[in-house]
Amino acid sequence: MEPLIVIVFAPLLAALIAGLFGRWIGATAAKAITTGALFLGAALSWPIFLSYIAGGAQSQVVPVLEWINSGDLRVAWELRVDTLTAVMLVVVTTVSSLVHLYSWGYMAQDPGQPRFFAYLSLFSFAMLMLVTADNLVQMFFGWEGVGLASYLLIGFWYHKPSANAAALKAFVVNRIGDFGFSLGIFGTFLVFGTLSIPAILEAAPQMAGSTIGFAGMRVDTMTVLCLLLFVGAMGKSAQLGLHTWLPDAMEGPTPVSALIHAATMVTAGVFMVCRLSPMFETSETALATVVYVGAATAFVAATIGTAQNDIKRVIAYSTMSQLGYMFFAAGVGAYGAAMFHLFTHAFFKALLFLGAGSVIHAMHHEQDMRFYGALRKEIPFTFWVMVIGTLAITGVGIAGIGFAGYHSKDAILESAWASGSVHGVIAFWLGAIAALLTSFYSWRLIFLTFFGAPRWAASEHIQHGLHGDPDHPDEEHGDSSNDPHMPPTGTGGYHPHESPLTMLVPIGLLALGAIASGFLFHDYFLDSAVFWHGSIAFDEHLAHAMHGVPAWVKYSATIAMLVGLAIAWHNYIRRPSAAAGFVRQFSGIHAFVKNKWYFDELYDTIFVRPSLWLGRLFWKGGDEGTIDRFGPHGAAYAVGVGNRLTYRLQSGYVYSYALVMLLGLVGAASWAIWWAR
């Protein structure tokens, strides 16, 4: 059997078995089948990727079946594998398989394990279908599949109202992006007469400069198509404006967070822009929009991350920020750098999320970092892998040797500067500031969690556990109030514990990826047009110019990292009271970033409340007050009134009936006489 078919469809088969028959085969069998399917996919994906590294592999298409044949619309279900696909296959299968294994330990006490593992495998299948798509309809199928799976996984603990609300929010916000994406697909078919991705990309340069009617105006054809497609990417990849669902996605189990943020859903938008890069290259306006949205997202998310207390939310906002880097890299034409950061980010972000899950597991599901402290000696393995992940995301390295982020994020900043455009320079400076903030909040997480005095006694979760309350298999959030002061110190008699091997082995392997994925592969991703083999629009001039930027540009990310580290060390190690003093002095700024720039409140005022008001108006005034009143309810009322009137006529006396008959005959005769005249 073709390896690509096994890679893609094995997770689907495993999901069906675990989901439909999990109650009969048991949790252990369901976990083994789903996890085995993903490890099989990873084992088959790495040789494909390495064959492209070696330079001998060619693009190929594996036919599956004929799908749609209607008029001019011809859509075949085919699996495309080229360099871009090979990169994504490695990312998806590797991270997904390790998340599956990690979940063996993390979800060990959950009664819904078969359902959980079925959802995980369904998620992986949908993403694999998306990255192997040879046409836009097939891509849209995978696109909607990851949206469905994310809804199911975010709301996995459906007994929690907050989880249900978060799942619904993710679903609704993504429908906005998906509407734009679907319009882009419709427009692409209208313009090119096909949905085949290779055919579209081949014909795209010929459409540069043409115009099309849209919303009553004549607009540039490729600009409007690319912007509509980019709206879909903004929703899936949580870019500024359509990002509000991402932090709330933390309501799902921690393995879900790692899968969504590292390997699957949020990377779909970046992949789509890179896959369709020849289209985007035909429109300067579309590329500039991608740059500005990505740079603004990187900056805004980094500012919000500095003020969060929930350990998973800090990492979630770092994901949003890193996605912004990937997009503005694509916007300046450095698609290789964008994909390289996607590749390295998958390893260190999955490591950080799963490491955070290990901390949460050790701290009885407490997620507020203000109730941590002094954990480096209690959970040393988790401490060291979290440090490795932090070194990777902050970009620690020197003289060309460093952790994963040092190679990929620095390359993005250098590419932005080397592009020579105004929007590229703006993106560079916003990215450099975001790098400083990333270093600050990442090291703040390490210092609050693993250093200082233990502050465990103030945690309600831990105290509930000590008093014999059941260990719920969910992750109730600690109350992250606006009080900037740390909770009182003390352990309260609680002793954190290291996670089981099923959780430690995956994060150990991911730590190796966070260390080595950068320096092992940076030459291929950044400098080799042969490696990409036409799967993206590779700009060799930009790749060469990136290495010729001034020295201060090369060292800007390292300087930013050191400044952020120094501020975090000063505020949380040297003078722990300094952070509270800053909050008191700049309470307005702190409240602004802590409340996420008030995006949720703004959207609630502009969209949610008017929608609810309009819904109530149509419900109470339209449906009940008009349609029901004068429709079925009104007819029923009229029948009731008529029934009461006719009831009064049924007296039981013969002379009454005779009188009615006589009156009827008189009336009928009078009508007949009048009509005859």
Residues in salt bridge (Lys or Arg N to Asp or Glu O under 4.0 Å) contact with [X], at least two apart in sequence or another chain:
X: Arg175; result: Glu144, Asp178
X: Arg444; result: none
X: Asp600; result: Lys169, Lys596

Testing the basics here: between Ala356 and Ile315, what is the closest heavy-atom pair and its distance to 0.1 Å?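 Heavy atoms only, the tightest pair is CB-CD1, 3.7 Å.
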
Hey, what's the ring geometry for Tyr102 with Tyr106, parallel, tilted or perpendicular (30° and 60° as the breaks)?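 Rings of Tyr102 and Tyr106: parallel, as their planes differ by under 30°.
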
Identify, with sequence neighbours excluded, every residue that meets ring-ring contact (aromatic ring centres under 6.0 Å, His included) alongside [X].
X: Tyr151; value: Phe171
X: Phe403; value: none
X: Phe586; value: Phe582
X: Phe450; value: Phe383

Could you list the donor-acceptor pairs under 3.5 angstrom formed between side-chain atoms of residues 285-294 and any protein atom two or more places apart in sequence or on another chain?
| unit_1 | atom_1 | unit_2 | atom_2 | d |
| --- | --- | --- | --- | --- |
| Thr289 | OG1 | Thr285 | O | 2.8 |

Establish, from distance only, whether the side-chain atoms of Trp597 and Thr303 form a donor-acceptor pair under 3.5 Å.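 Checked: Trp597/Thr303 side chains pair up, N/O donor to acceptor below 3.5 Å.
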
Partners of Thr382 by side chain to side chain donor-acceptor pair (under 3.5 Å), sequence neighbours excluded?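 Ser358, Glu498.
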
Residues in side chain to side chain donor-acceptor pair (under 3.5 Å) with Thr449, at least two apart?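 Scan of Thr449 (side chain to side chain donor-acceptor pair (under 3.5 Å), adjacent residues dropped) gives none.
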
Enumerate, atom names and distances included, each donor-acceptor pair closer than 3.5 Å involving a side-chain atom of residues 120-130, sequence neighbours excluded.
| unit_1 | atom_1 | unit_2 | atom_2 | d |
| --- | --- | --- | --- | --- |
| Ser121 | OG | His100 | NE2 | 3.1 |
| Ser121 | OG | Phe117 | O | 3.3 |
| Ser124 | OG | Ser96 | OG | 3.2 |
| Ser124 | OG | Leu120 | O | 3.2 |

Kindly state each residue pair satisfying side chain to side chain donor-acceptor pair (under 3.5 Å) with at least one member in residues 329-342, sequence neighbours excluded.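 Matches after skipping sequence neighbours: Glu281-Tyr335, Gln322-His341, His341-Ser408.
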
